[in-house]
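Accompanying notes for the structure given below.
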Amino acid sequence: MLDHQLLLPAGVLILEPKVPLEAEDFVGLAGEVDPYVAEHGELHGLMIHADSFPGWENLEAAVAHIQFIESHHAKIQRLAVVSDNPLLVELPKIAGPLLHPEVKHFPESKYEEALDWLKGAV
């Protein structure tokens with residue numbers, strides 16, 4: 001189960017992956033995010049807050065993750081990666097040029113700063 005929380009009215013989605021991701025995780029996310037996007041046009045921000053990337057349960061989950069990104073990234077203003085994990089620290093450099101949202105890394109100690117940055121995307 002992918003822990004997540006949609007902060008209202010800020011329009012910020014916080015994802016906290018702790019166990020390998022499953023395809024159903026992305027069905028659940030879409031069920032929560034899509035009505036908000038339909039009403040407001042986009043999410044102001046998305047935060048990935050993780051100690052490490054736990055990977056996927058199987059290939060179906062990886063495909064569902066890619067499809068979720070494809071169908072939602074253009075509807076997000078900012079993406080904050082909050083982690084001290086070396087792989088996740090590099091994620092904004094890798095994914096940033098490929099995605100619509102502005103992507104930025106924040107160390108774990110700057111969680112609140114990252115949240116403020118996401119909330120400021122108006």
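All figures in this text were calculated on a predicted structure; none of them were measured in a lab. All residue numbers in this chain count up from 1 along the given sequence.
Side-chain atoms of Ser52 never come within 3.5 Å of backbone atoms of Pro54 as a donor-acceptor pair (strictly under, hydrogens ignored). Judged by distance alone, the side chain of His44 and the main-chain N or O of Ala10 form a donor-acceptor pair under 3.5 Å.
The two residues Leu88 and Pro92 make their nearest non-hydrogen contact at O-CD, 3.5 Å. Closest approach of Ala114 to Ala80, counting heavy atoms only: CB-CB, 4.2 Å. Residues Pro107 and Val82 share a closest heavy-atom pair of O-CG1, 3.9 Å.
Put simply, the side chain of Val12 does not reach to within 4.5 Å of the side chain of Leu46, judged on heavy atoms. Looking at Phe53 and Asn85, their side chains never come closer than 4.5 Å, going by heavy atoms from C-beta outward. Using a 4.5 Å heavy-atom cutoff, the side chains of Leu8 and Tyr36 are in contact. Side-chain contact between Leu15 and Leu29 is present, with at least one heavy-atom pair separated by less than 4.5 Å. Contact check for Leu13 versus Leu7: no side-chain heavy atoms found under the 4.5 Å cut-off.
The salt bridge (charged side-chain N to carboxylate O under 4.0 Å, His left out) pairs that include a residue from residues 93-105 are Arg78-Glu102, Glu90-Lys93, where partners are two or more places apart or lie in different chains. Residue pairs meeting the ring-ring contact (aromatic ring centres under 6.0 Å, His included) criterion with at least one partner in residues 69-91, sequence neighbours excluded, are Phe68-His72. Applying the salt bridge (charged side-chain N to carboxylate O under 4.0 Å, His left out) test to every pair with at least one member in residues 46-68, sequence neighbours left out, gives no pairs at all.
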Using side-chain contact (heavy atoms from CB on, under 4.5 Å), reason through Glu42 and Gln77 one step at a time and then give a plain yes or no.
CA-CA 7 Å; Glu42 65 187 356; Gln77 286 186 355; 2.4 Å; yes

Would Val81 and Phe106 satisfy side-chain contact (heavy atoms from CB on, under 4.5 Å), going step by step from the backbone distance to the final call?
CA-CA 6 Å; Val81 179; Phe106 293 85; over 6 Å; no

Hey, mind stepping through Leu43 and Leu6 against side-chain contact (heavy atoms from CB on, under 4.5 Å) and telling me if it holds?
CA-CA 10 Å; Leu43 285 173; Leu6 181 57; 3.8 Å; yes

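Under the rule for a side chain to side chain donor-acceptor pair (under 3.5 Å), the partners of Glu16 that lie at least two apart in sequence or sit in another chain are His49. A search for side chain to side chain donor-acceptor pair (under 3.5 Å) contacts involving Gln67 returns nothing, not counting sequence neighbours.
At a threshold of 4.5 Å between side-chain heavy atoms, the hydrophobic network of Ile, Leu, Val, Met, Phe, Trp and Tyr places Met47 and Val89 in two separate groups.
Rounding to the nearest 0.5 Å places CG of Leu91 at 7.0 Å from CG of Leu79. Taking CG of Leu115 as the start and NZ of Lys110 as the end, the distance is 14.5 Å to the nearest 0.5 Å. The CD1 atom of Ile66 lies 12.0 Å from the OG atom of Ser71; values are rounded to the nearest 0.5 Å. The CD atom of Glu32 lies 9.0 Å from the CD atom of Gln5; values are rounded to the nearest 0.5 Å.
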Can you give the donor-acceptor pairs under 3.5 Å from side chains of residues 17-28 to other protein atoms, not counting sequence neighbours?
unit_1: Lys18; atom_1: NZ; unit_2: Asp3; atom_2: OD2; d: 3.3
unit_1: Asp25; atom_1: OD1; unit_2: Leu2; atom_2: N; d: 3.2
unit_1: Asp25; atom_1: OD2; unit_2: Glu22; atom_2: N; d: 2.8

